[in-house]
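Given the structure is predicted, the values throughout are model-derived calculations rather than measurements.
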Amino acid sequence: MEGHMQFVSLDWTLIFQWGNLLILYLIIKKFLFGPIQKMLSDRENEVKAMYDSAQKAEQDALSMKDEYTAHLAGAKDEANEILKNANQRAVLKTEEMLREAQEKASGIVAKAGEEIELEKKRAFAEVKGEISDLALMAASKVVERELSSKEHERLMDQFIDSVGDAPWQK
């Protein structure tokens, strides 16, 4: 038993070792575990802050994407409206130009019709004047002499031949 006693026996060295171990534990806990625990806590807070910041940035990006999509849709609508208005103005301008061209063409046709009518009247007046001159010529020849039926026929033939050479036919 004595061999077992020594194993269980208390001696001052063992008490000092246990005391040293306790002191070492308290020193390590105060100077090593505290700062390490604080550093781990700070790092955990920093990671949480980064995670929160990333989530906020993601939310902001999604919000900006929605805003951009809405703005893009508005811009497309505005562009379509501008194109629609431009097409309407172009159609109105084209119709106005066609109307003006038709009015000018109608005016030109009316003026040409008036000029044709004046030319007809002028030509008719000339023909009428020449016919009256010819009739006077024929009448003056008939009056100059008394005609027999043969001479009358010859005179008519001569008149017809001379009318063929008249200046109004040229």
Spacing of [atom1] belonging to [X] relative to [atom2] belonging to [Y], to within rounding of 0.5 Å:
{"X": "Glu58", "Y": "Leu62", "atom1": "CD", "atom2": "CG", "result": "5.5 Å"}
{"X": "Gln17", "Y": "Ile15", "atom1": "CD", "atom2": "CD1", "result": "10.5 Å"}
{"X": "Ile28", "Y": "Ile36", "atom1": "CD1", "atom2": "CD1", "result": "10.0 Å"}
{"X": "Glu119", "Y": "Glu126", "atom1": "CD", "atom2": "CD", "result": "8.5 Å"}
{"X": "Lys29", "Y": "Leu24", "atom1": "NZ", "atom2": "CG", "result": "13.5 Å"}
{"X": "Lys84", "Y": "Asp77", "atom1": "NZ", "atom2": "CG", "result": "11.5 Å"}

Legend entry - Contact check, side chains of Glu46 and Arg43, non-hydrogen atoms, under 4.5 Å: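 Yes, their side chains come closer than 4.5 Å.
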
Legend entry - By salt bridge (charged side-chain N to carboxylate O under 4.0 Å, His left out) - contacts of Lys120 (at least two apart):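 Residues passing salt bridge (charged side-chain N to carboxylate O under 4.0 Å, His left out) with Lys120: none at all.
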
Inset, instruction - Tell me, please, which residues at least two apart from Glu114 pass salt bridge (charged side-chain N to carboxylate O under 4.0 Å, His left out). - result: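 In terms of salt bridge (charged side-chain N to carboxylate O under 4.0 Å, His left out), with neighbours along the sequence ignored, Glu114 is linked to no residue.
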
Legend entry - Side-chain donor or acceptor of Ser106 paired with backbone N/O of Gln102 under 3.5 Å: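 Yes, Ser106 side chain to Gln102 backbone: donor-acceptor pair under 3.5 Å.
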
Legend entry - Thr69 side-chain N/O to Lys65 backbone N/O, donor-acceptor pair under 3.5 Å: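 Indeed, once roles are kept as given, a pair shorter than 3.5 Å links the two residues.
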
Legend entry - Neighbour count >12 (heavy atoms, 6.0 Å) for atom CD, Gln55: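 Yes, the 6.0 Å shell around CD holds more than 12 heavy atoms from other groups.
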
Legend entry - Ile23 reachable from Phe31 in the ILVMFWY side-chain graph, under 4.5 Å edges: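 Per the 4.5 Å side-chain linkage, Phe31 and Ile23 are co-clustered.
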
Inset, instruction - Consider only side-chain heavy atoms of I, L, V, M, F, W and Y, link residues closer than 4.5 Å, and tell whether Met97 and Leu92 are in one cluster. - result: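 No, separate clusters.
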
Legend entry - side-chain hydrogen bond (donor to acceptor under 3.5 Å, both in side chains) pairs, two or more places apart, involving residues 88-100: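 For residues 88-100, and leaving out neighbouring residues, the side-chain hydrogen bond (donor to acceptor under 3.5 Å, both in side chains) pairs sorted by first residue read Arg99-Glu103.
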
Legend entry - Side-chain ion pair, Asp52 and Lys48, N-O less than 4.0 Å: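 The answer is no: the pair does not qualify as a salt bridge.
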
